[in-house]
Every structure is written in C-alpha cells, then in structure tokens.
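None of the values given here were measured: they were computed from a predicted structure. For ligands, and for the atoms within them, numbers begin at 1 and follow the listed sequence.
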Amino acid sequence: MQPLPGFRDFLPDSCAARNYIFAKWREVARRYGFIEWDGPILELTELYKKKSGDEIVHQLFRFEDKSHRDVSMRPELTPTLARVVASHHHDFKKPLKWFSIGQFFRYEKRQRGRLREHFQLNCDIVGEKSVAADVELLALCIDILREFGFSASDIIVRVSNRHAWMEFLSARELDVSRATEFLDIVDKLDRTEISIAEAKLASFGLTLQDITGFAQFPYMESIQFAEFLHEMRTRRLEDFVLIDPMIVRGLAYYTGFVFEVFDKQREFRAIAGGGRYDGLISQLSDGKLNLPAVGFAMGDVVLRDLMSTRPSTKRRLSAAVCRSRKMDAYVVIAEESKRPEAINFVQKLRRQKWRVEFSLEPTRVSRQFERSQHVLAQYAIVIGAEWPLITVKDLHRGGQIQLSSNEPVSQLRKKLTSWRRNRN
Ligand code: HAM
C-alpha cells in the first residue's frame with residue numbers, strides 16, 4: 001500500500017533533511033527573539049470558515065467527530081494564533097514575537113510544490129503596528145533563506161500593499177464591499193484563463209488592461225513604500241525585495257502589507273508568504289480586543305525542491321543528512337566470551353554522550369567491520385581476549401592504537417583526539 005496522494009513517508013534520510021530544516025528555522029527565529037508555541041491540529045471548522053477565505057475552506061480535511069462537532073485538520077496556523085491571543089493576551093507583554101513549526105493539511109489539486117500535507121514555520125508579531133514589525137519579519141524570512149545558502153541572486157521577495165488596490169477601487173467608485181472577491185481575481189490572474197479573468201473583471205466594469213496598467217505604476221518610488229524601503233536599506237536587504245502590486249495573497253484576512261517569496265527564475269511556487277492582518281484578532285474576540293498583527297509562513301516543500309536544484313544548498317543538505325547518521329564508534333566484539341564486558345563498555349560510552357553501535361547477535365568480525373563502515377563510525381573499538389585493553393582503529397584516516405578501557409571516557413576521548421592530531 002502506498003501513502004495517500006499528496007502525503008509523504010519520511011524515510012531516514014528524508015527525515016534527517018526535515019530535521020535540518022527545522023533546526024535552522026528554530027535557530028534563526030530564536031536569533032530574532034521569537035519564542036516557540038504551538039496549537040492543536042484539529043479545530044472547529046467555524047474558525048476557518050470565517051477567517052481564512054473560500055479557497056482554503058474548499059480544501060479542508062473536514063469531518064464530524066463522535067460528538068457531532070464539525071471539525072477540520074488545520075490548513076494554516078493564523079486563525080488559531082488569533083484565537084489563542086484573543087483568549088490569553090493578558091498573560092503576555094506586547095508585542096508578542098511567536099514562532100511555531102508544524103504540519104498542515106490542505107486537499108489541493110495535485111501539482112508541483114503543493115502537497116496535501118506540508119510543514120510550515122510560522123512567525124508572527126502581535127501588538128505592533130509600525131512598519132518596523134513588517135521589516136523585522138521580512139529580515140527574518142530572508143536571513144533564514146540565507147542560512148540555507150541562498151543569496152539575492154536565487155530568491156526575491158515580492159512585496160505589495162492591499163491598500164493600493166483599495167485606492168484603485170475607490171478612485172473608480174467601484175463597490176469596495178466586493179474587495180475580497182476582486183483581490184481574489186487579481187491573486188489568481190497568472191493562473192486563470194484570459195477569457196475567464198476578463199469575464200470576472202467585467203462584472204466590476206474593469207478590463208485586464210486596467211489591472212496591468214495600474215500594476216505598471218513605478219511603485220519603487222511610491223510614497224506608500226518609502227518608509228518600508230528605507231528600513232530595508234538600513235538593514236542592507238534592499239537587493240532582496242521588489243515591489244509587485246500583483247501580489248495580493250489568497251487569504252481573506254490580510255489588511256495591508258503583503259509579500260511572497262519566490263525563486264528568481266520563477267520556476268517554483270511561493271516558498272513563503274505573509275502580511276498584515278490587523279482586523280483578525282478583533283473579529284475573533286467580537287470586537288473586545290483590537291491588536292494589530294503581522295506574520296508569515298515558510299513551507300518545507302518548495303524549500304526542499306529549491307535546495308536540491310542549487311549545488312551549494314544541496315551540498316549543505318547532504319552534509320547535514322550525513323552528520324545526522326554518523327556514529328562516534330562501533331564496538332567490534334572479537335571474542336564472544338567478552339560480550340558482557342563489551343556491552344557494559346558500550347553503555348559507559350553512551351552515558352558520556354558517545355553515539356555507539358554494536359552487533360546485537362554474535363557475528364563474524366569481518367561482518368562487524370563492514371557494519372562499522374555502513375554506520376559511518378569514526379572509530380572501531382575492538383574488544384577481544386586482551387580485555388581490559390582495547391584496540392581503537394581510526395576508520396576515517398586509518399591507523400590503530402591500544403588503550404585501557406579502565407580509563408574514564410573523558411580521558412579516552414582526550415587521548416584519541418591528541419593521537420589523531422599528532423598524525424596530521
Ligand atoms: P500560505 O501562503 O497559504 O500562507 O502558506 C505559506 C507557505 O506554505 C507557502 O508559501 C508554501 O510554501 C507553503 N504551502 C502552503 N500550502 C502548501 C501545500 N499545499 N503544499 C506545500 N506547501 C504549501 C499561510 O498559510 C498564512 N497563514 C501565513 C501567515 C502567517 N500569514 C500571517 N502569518
């Protein structure tokens with residue numbers, strides 16, 4: 001049996017790659033002062049119905065639980081974050097800088113870069129309305145990608161502001177109450193057949209040229225983005241950004257600043273996306289709490305695809321996978337009567353944080369050496385008739401040395417390190 005379409009098995013190397021990604025996400029988020037949290041994987045469907053927008057609601061893995069509740073597996077984290085902040089905000093000083101790593105589920109059409117489960121890093125700042133928060137998040141997003149080995153020649157952050165389109169609608173005296181519907185058309189323009197897009201725009205009294213013409217305005221000089229661009233320049237990150245009004249984002253709750261990160265060649269779908277959602281917490285608390293918020297999420301699927309296309313990022317990924325598998329030592333039991341002593345020694349090493357493997361059953365010595373290579377052990381420690389003397393072979397550089405197993409493990413490590421150094 002295969003996994004369900006759009007779901008992945010994570011075999012050991014793939015799991016190691018996933019752990020490498022999570023470790024980098026966590027490390028850089030902590031560097032920026034974000035603290036980790038998480039929410040439940042299942043929520044009332046109601047939470048997404050109102051907050052996420054039609055597209056995501058149609059993609060929900062949704063069912064009735066045994067108590068007849070209408071529940072859904074989480075397709076994203078933002079509604080949960082807003083719900084949690086609305087009920088726990090008294091317990092935390094603002095602004096909150098929170099991050100989370102977790103799995104999300106969307107019943108998407110099968111396509112490259114989009115699966116039915118994926119992992120996301122979510123980073124959000126709640127309670128700060130200045131553009132400095134938007135820039136802080138973008139800087140974090142860019143630094144994470146740099147940490148994986150990407151540069152400004154690989155990736156681009158396309159930034160926009162939904163206000164620009166609201167002004168577009170009001171300047172033409174169009175129905176602002178249909179803004180969500182309108183933004184959805186703009187969001188999908190590059191993925192919609194021209195005749196369909198034209199028909200949809202016609203219902204607003206607009207043509208395709210109205211949209212493309214507006215988007216060609218020289219936004220880089222526009223006053224709306226001046227402060228944002230100034231802050232990006234201060235952080236020396238201006239090379240990573242491009243103002244692109246066609247980025248409006250598919251989710252319903254965004255209120256202003258929005259962005260998406262793409263590979264420069266635009267071969268892949270978005271790696272990350274986010275923006276401001278200043279009204280969501282107020283909606284979820286029935287107007288009791290009004291806190292501005294901004295955040296983004298980065299997915300693991302496109303990130304992994306993109307990493308495997310660039311030699312430098314691919315090398316880092318393979319090195320991390322290799323590191324995760326490496327053992328410090330393989331204990332070769334050359335004399336079966338010494339098995340109890342050998343096992344005891346293995347445990348002693350493991351308690352001192354060595355990664356140690358040995359054969360669980362009596363096995364030929366040659367097979368044990370083969371296995372020591374297979375598990376990428378640095379040393380083979382041979383235990384035989386000379387016990388308590390042990391022979392340590394350096395499997396990476398060759399050579400061997402005899403030591404006493406009675407010495408403390410820290411002493412053994414010191415001796416092995418200086419032995420290796422002297423042979424350099
Ligand atoms: P999103 O753009 O829907 O935003 O997802 C963010 C990222 O998750 C995407 O750029 C993509 O890398 C990844 N992603 C989304 N869906 C899939 C999928 N089906 N398969 C693989 N990867 C996927 C959000 O989810 C917002 N809640 C982000 C946010 C946080 N906004 C504010 N705070």
Task: Residue and atom name of the nearest protein heavy atom (relative to atom 5 (O) of ligand 1), distance in Å to one decimal - done: Gln120 NE2, 3.4 Å
- [ ] Just let me know how Val261 lines up against ligand 1, side chain, backbone, both or neither, with a heavy-atom cut-off below 4.0 Å.
- [x] neither
Open item on the list: Between ligand 1 and Phe104, can you find any atom pair, the residue atom being a heavy atom, that is separated by under 4.0 Å?
Closed with: no
Task: Non-hydrogen atom of Gly250 closer than 4.0 Å to ligand 1 - done: no
Task: For Leu251, the ligand 1 atoms whose distance to one of its heavy atoms is below 4.0 Å - done: 3 (O), 4 (O), 24 (C), 26 (C)
- [ ] Considering heavy atoms of the protein only, find what lies nearest to atom 12 (O) of ligand 1 and give residue, atom and distance to 0.1 Å.
- [x] Ile271 O, 2.9 Å
- [ ] Please work out whether any backbone atom (N, CA, C, O) or any side-chain heavy atom from C-beta onward of Ala297 is under 4.0 Å from ligand 1, and answer side chain, backbone, both or neither.
- [x] both
Open item on the list: Taking a cutoff of less than 4.0 Å between a non-hydrogen atom of the residue and any ligand atom, is Tyr253 in contact with ligand 1?
Closed with: yes
Task: Nearest-contact summary for atom 27 (N) of ligand 1 - protein heavy atom, Å - done: Glu76 OE1, 2.5 Å
Task: Heavy-atom nearest neighbour in the protein, as seen from atom 14 (N) of ligand 1, with distance rounded to 0.1 Å - done: His118 NE2, 3.3 Å
Open item on the list: Between ligand 1 and Val302, can you find any atom pair, the residue atom being a heavy atom, that is separated by under 4.0 Å?
Closed with: no
Task: Output field: ring centroids Phe369/Tyr330 closer than 6.0 Å - done: no
Task: Which of the ligand 1 atoms, numbered from 1, are nearer than 4.0 Å to a heavy atom of Asp124 - done: 30 (C), 32 (C), 33 (N)
- [ ] Hey, could you give me the CG/CZ distance between Leu137 and Phe34, rounded to the nearest 0.5 Å?
- [x] 4.5 Å
Task: Closest to atom 18 (C) of ligand 1 (judged by heavy-atom distance), picking from Arg74, Gln111, Arg114 - done: Arg114
Open item on the list: Just to confirm my output: which protein heavy-atom neighbour is closest to atom 25 (O) of ligand 1, and how far is it?
Closed with: Arg106 NH2, 3.0 Å
TODO: Measure from atom 32 (C) of ligand 1 to every heavy atom in Gly295, Ala293, Ala82 and give the option owning the shortest one.
DONE: Gly295
Open item on the list: Residue-level breakdown please: for Tyr254 versus ligand 1, do any non-hydrogen atoms fall below 4.0 Å on the side chain, on the backbone, on both, or on neither?
Closed with: side chain
Task: Within-shell test, Arg249 vs ligand 1, heavy atom, strictly < 4.0 Å - done: yes
Open item on the list: Counting only nitrogen or oxygen atoms and a 3.5 angstrom limit, does Leu115 reach ligand 1?
Closed with: yes
Task: Distance-only donor-acceptor check, side chains Gln103 and Arg74, under 3.5 Å - done: no
